[in-house]
Amino acid sequence: MSGTPVFRSRWARRPPATGAAAMATGVLSIGLRLAGHEVLSAVALALTVVAWLGLVGDVVLRLLPPHDLQPADPVSLASLAAVAATTVLGARLSSAGQPSLAEALLALAVVLWVVLLPPVVRRWRRRRTSGAVFLGCVATEGIAVLGAVLATALSVAWLAHTALVFFWLGLVLYLIGLRCFDRRQVATGAGDQWIAGGALALSAYAGSRLVAAGRGGPYLWDGDDDGVLRIVTLALLALALAWYCVLAAAELIRPRLGHDVRRWSTVFPLGMTAVAALSVGMELGVPWLRVLGRVLLWIAVAAWCAVLASAAVSASRGPESVRSRAPR
């Protein structure tokens, strides 16, 4: 028993990465399914479930007393990754024919969002911060995605309308986050600067799912609303692709080698941009976007493999090696 506090103390000093890892893996599962790779998608889904269960264990371990063993504040920007990871898993389970599980995860995500978002927003300041500030948008748009997916599967009008509210609210939170984002992070960030583009890609994906939900019957949006939604979705994808190019160029100009747990926050936007291109191309009838999405998907898969290998090598060297080295 004496070893338990020591283990928990070491674990608490470890920066949380399971949320970003679950998000990244879940998004790849969605993308692989959209691209027609069902077997690989199923494997990624299984890994997502494992990562999500690890996330649950991580949160519980950090919140259990005695609280003096946890140096990190559990109500932080990074905690919103739990909301996003839950919605990503729910969206994938819904497409796998598990709407009941997806509904339960949506309810859990909404509860977490209500509890975690207000204290996080209250702590936002005008001082510049990392790309993690966009997790407010990511968590909110994740709920919009899962709500739209379930609205389509279950033909529930109120769920689609609620998802639309979260969609617009997510864009407001993105603008607030953009005000707080330190632009220097584009050149110096340790990986989570990519969330600036990933949040827009997720928003575009949410828009495409809402467009798909609108085809389920006349009870959702009229022609004008549908047209606005399509235009906004295409604009969001264009902005996400622009961020992708800028961030990729910054990585080439100033490489940031070596392992950092925030690299999982790079894989998620890479995969999310691919998924957004695939989904928007499919739902809005733009064939070349589907081709682009397939190319971006394999780049994201390669990045996932590279980060996983780097994490395994770093973990084999001891707990101190997995700690983030970039300035916060």
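All values derive from a computational prediction rather than experimental measurement. Values below: all heavy atoms of this structure, side chains included; hydrogens, waters and symmetry mates excluded.
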*Got a donor-acceptor contact below 3.5 angstrom from the Y174 side chain to the G136 backbone?*
no
*Write down the atom of R33, the atom of S41, and the distance for their closest heavy-atom approach.*
CB-OG, 3.4 Å
*Are the side chain of E103 and the backbone N or O of L101 linked by a donor-acceptor pair below 3.5 Å?*
no
_If you compare all heavy atoms of A96 against all heavy atoms of L45, which two are closest, and at what distance to 0.1 Å?_
CB-CD2, 4.5 Å
*Are the side chains of L171 and E141 in touch, meaning some heavy atoms are under 4.5 Å apart?*
yes
_Check: W243 and I195 side chains under 4.5 Å, non-hydrogen atoms_ = no
*asked:* Would E251 and W194 count as a side chain to side chain donor-acceptor pair (under 3.5 Å) here? Give the steps.
replied: CA-CA 10 Å; E251 295 274 7; W194 281 83; 2.9 Å; yes
*Look at atom CZ of R184 and say whether more than 12 heavy atoms of other residues, nucleotides or ligands are closer to it than 6.0 Å.*
no
_Student check: side-chain heavy atoms of T25 and W52 closer than 4.5 Å_ = no
*Contact check, side chains of F167 and V145, non-hydrogen atoms, under 4.5 Å*: no
*ILVMFWY cluster, L210 and V165 together (side-chain gap under 4.5 Å)*: no
*Can L178 and F134 be said to form a side-chain contact (heavy atoms from CB on, under 4.5 Å), step by step?*
CA-CA 7 Å; L178 187 62; F134 294 106; 4.1 Å; yes
_side-chain contact (heavy atoms from CB on, under 4.5 Å) between V27 and V88, intermediate numbers included_ = CA-CA 7 Å; V27 163; V88 168; 4.2 Å; yes
*Compare every heavy atom of A109 with every heavy atom of I143, then report the nearest pair and how far apart it is.*
CD1-O, 4.0 Å
_Nearest-0.5 Å distance that lies between atom OG in S203 and atom CE in M272_ = 9.0 Å
_Could you tell me if the side chain of V43 sits less than 4.5 Å from the side chain of L32, heavy atoms only?_
no
*asked:* Donor-acceptor pair, distance only, cut-off 3.5 Å: does the side chain of R254 make one with the backbone of L252?
replied: no
*Where do A91 and I30 come nearest, in terms of heavy atoms and distance?*
CB-CD1, 4.3 Å
*asked:* Are I231 and L241 linked, directly or through intermediate hydrophobic residues, by side-chain heavy-atom contacts shorter than 4.5 Å (ILVMFWY only)?
replied: no
*Honestly curious: do V114 and L112 fall in one hydrophobic cluster under the side-chain, below-4.5 Å linking rule?*
yes
*With rounding to the nearest 0.5 Å, note down the distance linking CG in L28 to CG in L47.*
10.0 Å
*Least distance between heavy atoms, A153 atom then S94 atom*: CB-OG, 4.2 Å
*asked:* Is there a side-chain contact between L270 and L296 in this structure, where contact means two heavy atoms from C-beta onward sitting under 4.5 Å apart?
replied: no
*asked:* With a 4.5 Å cut-off on side-chain heavy-atom distances among I, L, V, M, F, W and Y, is there a chain of contacts connecting L234 to V291?
replied: no
*From Q193 CD over to S265 OG, what is the distance, rounded to the nearest 0.5 angstrom?*
9.0 Å
_What's the separation between atom OG1 in T86 and atom CG in L106, rounded to the nearest 0.5 Å?_
10.5 Å
*asked:* When you compare the side chain of R230 with that of L284, does any pair of heavy atoms fall below 4.5 Å?
replied: yes
_Atom pair OG1/OH of T233 and Y205 - distance to nearest 0.5 Å_ = 12.5 Å
_Residues V232, W168; criterion side-chain contact (heavy atoms from CB on, under 4.5 Å); working and verdict_ = CA-CA 10 Å; V232 171; W168 292 116; 3.9 Å; yes
*asked:* When you measure from the side chain of R256 to the backbone of G191, do you find a donor-acceptor pair of N or O atoms at a distance under 3.5 Å?
replied: no
*Passes side-chain contact (heavy atoms from CB on, under 4.5 Å), I299 versus Y244? Steps please.*
CA-CA 12 Å; I299 293 175; Y244 192 109; 3.6 Å; yes
*Taking all non-hydrogen atoms of both residues into account, name the closest pair between A163 and G147 and its distance.*
CB-C, 3.9 Å
*Test side chain to side chain donor-acceptor pair (under 3.5 Å) on T266 and R263 and set out the steps.*
CA-CA 5 Å; T266 298; R263 275 304 179 188; 3.1 Å; yes
_Expected output: side-chain T48 to main-chain L89 donor-acceptor under 3.5 Å_ = no
*Does any donor atom in the side chain of S95 or R92 lie under 3.5 Å from an acceptor atom in the other side chain?*
yes
*Do the side-chain N and O atoms of W113 and T140 include a donor-acceptor pair separated by under 3.5 angstrom?*
yes
*Report yes if some heavy atom in the side chain of L135 is under 4.5 Å from a heavy atom in the side chain of D192; otherwise report no.*
no
_Hydrophobic cluster membership, L93 vs V39, 4.5 Å side-chain cutoff_ = no
*So which pairs with a foot in residues 272-292 pass side-chain hydrogen bond (donor to acceptor under 3.5 Å, both in side chains), sequence neighbours left out?*
S208-S279, R209-E283, R215-E283
